Amino acid sequence: MHIRKDSSKPTTTISLNPNTLSQVEDYRFNERKDNRSQAIEELLLFGLKYKALLEKKKAKRLLSEC
């Protein structure tokens, strides 16, 4: 993890294929995000919430099968 001198937020570097980057840029401009990092962070949070919901749904289904 790296923390930039001009920011208190940790940073990381990621590589994206051109199609994914294009989708991120479309999201960024459609949602009027200030920068790419803000758009990527929001999309990641959406994805993590969705994954948590799927896991909760799966656990609920497994409990109902017992």
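One-based numbering along the sequence shown. Heavy-atom basis, side chains included; hydrogens, waters and symmetry copies ignored. Predicted model, so just to flag it, every value in this text is computed and none were measured.
Both Leu43 and Ile14 sit in one connected hydrophobic cluster of ILVMFWY residues. Membership requires side-chain heavy atoms under 4.5 Å apart, directly or through other members.
Among pairs with a residue in residues 12-24, none fulfils salt bridge (charged side-chain N to carboxylate O under 4.0 Å, His left out), at least two apart in sequence or across chains.
For Lys57, the side chain to side chain donor-acceptor pair (under 3.5 Å) criterion is met by no residue, not counting sequence neighbours. Applying the side chain to side chain donor-acceptor pair (under 3.5 Å) rule to Glu65 yields no partners; only residues at least two apart in sequence or on another chain are considered. Considering only residues two or more places apart in sequence or on other chains, Gln38 meets the side chain to side chain donor-acceptor pair (under 3.5 Å) condition with none of them. Considering only residues two or more places apart in sequence or on other chains, Arg32 meets the salt bridge (charged side-chain N to carboxylate O under 4.0 Å, His left out) condition with none of them.
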Donor-acceptor contacts under 3.5 Å from residues 17-29 side chains, at least two apart:
{"residue": "Asn17", "atom": "OD1", "partner": "Asn19", "partner atom": "N", "Å": "3.1"}
{"residue": "Asn17", "atom": "OD1", "partner": "Thr20", "partner atom": "N", "Å": "2.8"}
{"residue": "Asn17", "atom": "OD1", "partner": "Thr20", "partner atom": "OG1", "Å": "3.1"}
{"residue": "Asn17", "atom": "ND2", "partner": "Thr20", "partner atom": "OG1", "Å": "3.4"}
{"residue": "Glu25", "atom": "OE2", "partner": "Arg36", "partner atom": "NE", "Å": "2.6"}
{"residue": "Glu25", "atom": "OE2", "partner": "Arg36", "partner atom": "NH2", "Å": "3.3"}
{"residue": "Tyr27", "atom": "OH", "partner": "Glu42", "partner atom": "OE2", "Å": "2.1"}
{"residue": "Arg28", "atom": "NH2", "partner": "Asp34", "partner atom": "O", "Å": "3.4"}

